[in-house]
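Below is one structure; the comments refer to it alone.
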Amino acid sequence: MTQKIRTRFAPSPTGFLHIGGARTTLFNWLFARHHKGTFILRIEDTDEVRSTQDSVSAILESIRWMGMDWDEGPLDNDRDQGPYGPYFQMKRLELYQKYIKQLLQEGKAYPCYCSKEDLEAMRRLAQLEKRPPRYDGRCRNLTDKQKRDLEAQGKKASIRFRMPDEGVTVVPDMIRGDVSFENKLQQDFVIQKTTGGPTYNFACVVDDHHMEMSHVIRGDEHLSNTPSQLQLYRALGWEPPKFAHLSMILGPDGSKLSKRHGATSVLEYKNQGFLPEALRNYLALLGWSTTDSQQLFTPEELIARFDLEGCQKSPATFDPVKLTWMNGEYLRKLPVPELVRRASPFLEAAGLKPNGGPQLERAVALEHEKYKLLTEVPGLVDFFYKPLQFTPKAMDKVLRAPGVKQVLLDLAEALKDFAPFTDKALEECIRKFCAERGLKTGQVFHPLRAATTGRTEGPTLFLMLEVMGRDMVLSRLRETAARLN
RNA sequence: GGCGCGUUCGUCUAGCGGCCUAGGACAUCGCCCUCUCAAGGCGGAGAUCAUGGGUUCAAAUCCCAUACGCGCCA
């Protein structure tokens, strides 16, 4: 393949970037990067009613957050330039009109004056007669006079493409192989709406050709549209790109993943504390795999190993549990300062500031192997920064046990002047403390943890004490003992 | 309704005619480690390869039907 690789993601800005769109973007991006090609972003905003600027912004933000970049396409709503003209379809209307005109002149397309009501009636009749409900081609052969009369009546025309009556259209798909469609079962589809705007299928073809796409990688739901598009390429005398239709992403109930399955927007995952690299890694494995079933990939590995070969034909169910596991893997690999940086929006949201307490990095590091989500970070370190609060288990099961109060007071006494106040030394000291009193370590360790953190679960005890520092340890031991009356 | 696509452990998947008494990962269970919770290590359970027919000495792998699921068009 000596051809220059050019792929694209072409979202309609009618909402946020969802998981399915993110996966499509990722595959296009990976494919382009793998083959040292060009990745393009194009905004298909021909649905004037539902398209919004906010959606455009959200989509761009989502793609950027996931760590993907585009070589051509809009930088935001206003900065939209590139070697192929604007990347918003509504700014390319003239181009579409040019080819509509051409197809009209060549008789490959024709105006259709049928109203919504006409089409609705047609559909119902067909259904009654158990025929496939499709356009019957009644405007195919109108004479010029008929057209003039209809227009004189104020009828607005849409433009339809004349599909061949016979033969088959074969879609050569890089994932599924050749897929054939009978032309006579396809209908004369609309390429220009009565409003004058292009339809999806038409604008898509014109742009993919003009932007010199080499590969169109998109969701399976577009496979059925492809024969129509292929006929358009043919009618316009253009060489079509190569197609690859990705299997869909399903919700747990087996239907196409959608809002009712819970979080579907990429930005929601960001807010839930997922790392973009983890989401990317997980999404890559939804419909793609290597022969060795490798699970974790560095960004470089992903680009190096990704190709259409490993793409799956069957749909995949989105599994948040596995995504969460993977996120934990990535979190654990992050150097602590970086972890703190990534967690800082969540720490701030929880109102945690290191005033007085230990350094944030030291505190966060204690629980490094425990985080699965960035949102869990504040909850696991906040005992350092908030007034003591006891869980019922810590209070009732551990602290209220007989003799605990005295143990705490004795500990405070033993640690009052103990130095150095460090992990190893503290462990040695407290083990000796146990031995001297004939106490089992558990009888001391557990109350000590509960009294200083308010919890029965937490970081490794002695390092935690070191990080907490003598002052806070002593004051908490005394405070807790005092509460045990 | 028509057309299209799909079907391997609960989930993501490996597999492209003999290496499969079907491999890996998540989840799950047990054990070890251990100051708790995790992480980690080890091990277990879990798939009549949707069903039924062929083809072949040999099929998860090739062919044909059927079923189910999903998508597109309306």
Side-chain angles (χ1 to χ4, degrees), chain A residues 119-120 122-135 168-169 171 173 175-177 179-187 189-190 201 219-228 245-257 281-296 309-329 331-332 366-372 376 380 391 393-394 397-398 423 426-427 430-431 434 440-450 453 455-465:
Chain A
L119 294 170
E120 185 53 43
M122 210 181 291
R123 199 173 305 144
R124 241 173 290 138
L125 187 68
Q127 225 136 32
L128 232 67
E129 295 174 3
K130 302 255 182 202
R131 282 185 293 113
R134 53 192 205 95
Y135 179 67
V168 293
T169 304
V171 178
D173 187 281
I175 295 171
R176 334 188 95 86
V179 185
S180 319
F181 295 84
E182 271 193 81
N183 290 151
K184 66 164 190 265
L185 297 174
Q186 308 284 345
Q187 61 177 340
F189 59 99
V190 175
N201 275 126
D220 193 22
E221 67 267 28
H222 292 287
L223 183 57
S224 309
N225 284 325
T226 311
S228 302
H245 289 92
L246 268 18
S247 59
M248 298 208 311
I249 301 180
L250 271 25
D253 64 349
S255 66
K256 187 172 164 178
L257 188 69
N281 191 153
Y282 177 71
L283 250 26
L285 253 22
L286 231 41
W288 172 80
S289 62
T290 54
T291 51
D292 57 1
S293 271
Q294 183 176 337
Q295 302 293 309
L296 269 8
E309 316 277 279
C311 286
Q312 188 79 7
K313 289 195 254 260
S314 49
T317 306
F318 184 82
D319 180 10
V321 176
K322 183 159 180 180
L323 204 211
T324 305
W325 161 76
M326 199 171 268
N327 204 57
E329 290 289 318
L331 245 19
R332 245 165 271 138
L366 284 174
E367 298 279 57
H368 199 161
E369 66 288 336
K370 213 171 289 182
Y371 310 118
K372 284 198 162 74
E376 294 168 346
L380 289 174
T391 64
K393 198 177 166 195
K397 291 258 164 65
V398 180
D423 181 22
L426 282 165
E427 175 159 9
I430 291 165
R431 282 190 188 279
C434 295
K440 280 188 278 186
T441 53
Q443 290 177 282
V444 175
F445 293 175
H446 296 313
L448 177 53
R449 173 190 309 284
T453 66
R455 308 173 187 192
T456 51
E457 304 164 358
T460 180
L461 185 58
F462 306 104
L463 191 54
M464 187 279 290
L465 294 174

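No hydrogens, no waters, no symmetry mates; every other heavy atom, side chains included, goes into these values. Each chain gets a letter, A, B and so on, in the order the sequences are listed, and its residues count up from 1.
Taking the side chain to side chain donor-acceptor pair (under 3.5 Å) definition, one finds that A/Gln312 meets it with A/Ser314, sequence neighbours left out. Evaluation of the side chain to side chain donor-acceptor pair (under 3.5 Å) rule for A/Thr290 yields A/Asp292 as partners, not counting sequence neighbours. For A/Gln187, the side chain to side chain donor-acceptor pair (under 3.5 Å) test picks out no residue, with sequence neighbours left out. With sequence neighbours excluded, the residues that form a side chain to side chain donor-acceptor pair (under 3.5 Å) with A/Lys322 are A/Gln295.
No contact: A/Pro252 has no heavy atom under 4.0 Å from any strand. Contacts of A/Thr456 with the nucleic acid, taken as non-hydrogen atoms under 4.0 Å apart, include base atoms. Looking at heavy-atom distances under 4.0 Å, A/Glu221 makes contact with sugar-phosphate atoms alone, never a base.
The base-pairing partner of B/G2, taking Watson-Crick or G-U wobble contacts with both distances under 3.5 Å, is B/C72. Look at B/C49: it lacks any Watson-Crick or wobble partner with both distances under 3.5 angstrom. Across all strands shown, B/C33 remains unpaired; no Watson-Crick or G-U wobble contact has both distances below 3.5 Å. Both distances falling under 3.5 Å, in either a Watson-Crick or a G-U wobble arrangement, occur for no nucleotide opposite B/A60.
Taking atom P in both B/G10 and B/U28, the straight-line distance is 16 Å, to the nearest Å. Spacing of C1' atoms, B/C16 relative to B/C62, comes out at 11 Å, to the nearest Å. For B/U61 and B/A25, the C1' atoms lie 23 Å apart once the distance is rounded to whole Å.
Along RNA chain B, the nucleotide nearest to A/Glu369 and the one nearest to A/Arg431 differ in position, and the one closer to the 5' end is contacted by A/Arg431. Mapping A/Arg134 and A/Thr460 onto RNA chain B via the closest heavy atom, the residue that lands nearer the 5' end is A/Thr460.
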**OP:** Would you mind building the protein contact string for nucleotides 43-48 of chain B? One character per nucleotide, 5' to 3', B for base within reach (heavy atoms under 4.0 Å), S for sugar-phosphate only, - for untouched.
**Re:** ------
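Within residues 321-328 of chain A, the residues that have a heavy atom under 4.0 Å from RNA chain B are, in order of number, A/Val321, A/Lys322, A/Trp325.
As rounded to whole Å, 19 Å separates atom P of B/G1 from atom CD of A/Gln187. As a whole-Å value, the separation of A/Leu461 CG from B/A38 P is 17 Å. The CG-P distance, from A/Asp319 to B/U28, rounds to 11 Å in whole Å. Distance A/Arg176 CZ to B/C72 C1': 13 Å, rounded to the nearest Å.
Under the 6.0 Å cut-off for aromatic ring centres, A/Phe189 and A/Tyr135 do not qualify, their centroids lying 6.0 Å or more apart.
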